[in-house]
2 protein chains.
Amino acid sequence: MSETAPTISADETLEATTLASRTFDSIKADIIDGELAQGTKIVESDLALKYGISRGPLREAIHRLEQIKLIVRIPHAGSRVITLDTRMMEDIYIARESLEGMAARLAARLMPENEIRALSALLDQHEAAIGETEGKAYFQREGDIDFHYRIAVASKNQWILENLNGELYQLIRMCRRQSGQIPTRAQTALDQHRQIAAAIARRDEELAEILMRRHISGAWEIVKKILEDQHD
Amino acid sequence: MSETAPTISADETLEATTLASRTFDSIKADIIDGELAQGTKIVESDLALKYGISRGPLREAIHRLEQIKLIVRIPHAGSRVITLDTRMMEDIYIARESLEGMAARLAARLMPENEIRALSALLDQHEAAIGETEGKAYFQREGDIDFHYRIAVASKNQWILENLNGELYQLIRMCRRQSGQIPTRAQTALDQHRQIAAAIARRDEELAEILMRRHISGAWEIVKKILEDQHD
DNA sequence: CAGACATGAATTGTCAACAATGTTAGCTAA
DNA sequence: TTAGCTAACATTGTTGACAATTCATGTCTG
């Protein structure tokens, strides 16, 4: 088992050295977990009390959340937790498709051989995990994240990496949460991951990009369908 | 002359209602114009004095600049103006290539006929401007921005639009500034713009994306060459 | 009864003082 | 002379009070 990858992180500064930073992480988690429901009005003094800090650092946390687009803010009027409608979710998935497609292309060009082997090993693990009981759904999701994370890293493009692991990653998590998750897709996703990994191993940039884009737009189609069913 | 497009803006809130917001705009401009040189150490109290405000709002402005990646900040240690090396610039251009390629694809799918005609008219203007004296270089740059801006808008993708006009746009401006600008590319760029517009008019998504990506990666190649010559 | 205006309460924006942290220069000792 | 420690300084992080703005309520007028 290759325990190289630190699961996710990159901005989940565990040992956050500043109050604002810690609070930012807390609120972010609360929003993504649905603790703070979408559309909730945010009152600075209330939240400051709740998190046991003063308004200064809390304000900084809110501003950062605004930049990550988890919160919308209107000057002098206050801020609310974002509300994800279908339209917004489509925008996010399309942006991710574009960026992660490019990441796959770059990975095919730049990923070192040993990392490619590690990627392949990771997929073997997933294969095994799927064989076992369905209860491993949680692990599978972690695995999916791991796969995409490694490719983003392999792109060696700082801007793309930061955006995928920062803003877009959080939003995608909210999208998934809202659609209640997809269990049946495990095998399909793994197959697609395999094909992408193969294209990268073959150094076929064009194919790696195309396959990644299909993979993500396919994921969106499913999420979209679930959402449509919910609303009928 | 179609005066529909407000040149740039989108986040250049002219009538910024808050001190922090205005200061944010000011500092941003100062950094891009080179008023605050790259790598400059930023001392909160000094800047607060310089801009005639207290540290509170200034701090907010700095945080926002950090999110836009115009400033790097180390907790408890202070912040500096970003320093763009070739590597970082390449990352930025590649990200832009990816996102704006996707925007062109979406524009080919979604742009209304009348906007397509307006786009064509805009290019006619540029044609005329190029015929005149070279002094119109400034206008040409504005025109280039206009063209790309309209396509980003036509993508109707909020996430892509915000990123292109926010973070990426500022950084690209700094890159261009650093390389001292390219005068000879005017006609080439216009030709490419024409081809892209034609692909969009034909609703050829695939081609629109490919041409836009070539257009941007071509721009990067030139900037890159200039930078390499500078350092030898 | 409807709509506009004024008033006050609630909330955000700004400020200046205080606490905590990082940095640097000078001193001591090996 | 230099490595390591110490203490003073500079700078950032945090706080609570104050000012400005918005929003809601209720009253008054047509």
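Protein chains get the first letters and strands the later ones, always in sequence-line order, with residue 1 at the start of each. Note that the structure is predicted; figures quoted are calculated from it, not measured.
Heavy-atom minimum distance, A37(A) versus V81(A): O-CB, 3.6 Å. For the pair A152(A) and A103(A), the tightest heavy-atom approach, listed with the atom from each and the gap, is CA-CB, 4.4 Å. Heavy-atom minimum distance, L84(B) versus Q38(B): N-OE1, 2.9 Å.
Annotation: salt bridge (Lys or Arg N to Asp or Glu O under 4.0 Å) contacts of R80(A) (sequence neighbours excluded): none.
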How does DNA chain C look in dot-bracket notation if pairs are Watson-Crick or G-U with both distances under 3.5 Å, crossing ones as [ ], other-strand ones as |? ||||||||||||||||||||||||||||||
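Against DNA chain D, the stretch residues 35-46 of chain A makes no heavy-atom approach under 4.0 Å. Near-neighbour residues of DNA chain C inside residues 74-81 of chain B, defined by a heavy atom below 4.0 Å, number-ordered: H76(B), A77(B).
The separation between E60(B) atom CD and dT12(D) atom P is 17 Å, rounded to whole Å.
By the neighbour-count criterion of 12 heavy atoms within 6.0 Å, atom NZ of K225(B) is sparsely surrounded, having that number or fewer from other residues, nucleotides or ligands.
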Donor-acceptor contacts under 3.5 Å from residues 92-99 of chain A side chains, at least two apart:
from, atom 1, to, atom 2, distance (Å)
R96(A), NE, E100(A), OE1, 2.9
S98(A), OG, S98(B), O, 2.9
S98(A), OG, S98(B), OG, 2.7

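In the 5' to 3' direction, nucleotides of DNA chain C lying under 4.0 Å from heavy atoms of chain A begin and end at dT12(C) to dT14(C).
Between H193(B) and H148(B), the ring planes are perpendicular. Angles over 60° get that label, and only those under 30° would be called parallel.
No salt bridge links K156(B) with E115(B); every basic N to acidic carboxylate O contact stays at or beyond 4.0 Å. The pair K69(B)-D91(B) does not count as a salt bridge, with every side-chain nitrogen at least 4.0 angstrom from each carboxylate oxygen. Salt bridge annotation for E209(A)-R213(B): present, with a cationic side-chain nitrogen under 4.0 angstrom from a carboxylate oxygen.
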Stepwise, does the salt bridge (charged side-chain N to carboxylate O under 4.0 Å, His left out) test hold for E60(B) with R59(A)? CA-CA 9 Å; E60(B) 184 184 328; R59(A) 230 145 176 283; 3.6 Å; yes
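Side-chain contact between M102(A) and N157(A): absent, with no pair of heavy atoms (C-beta onward) separated by less than 4.5 Å.
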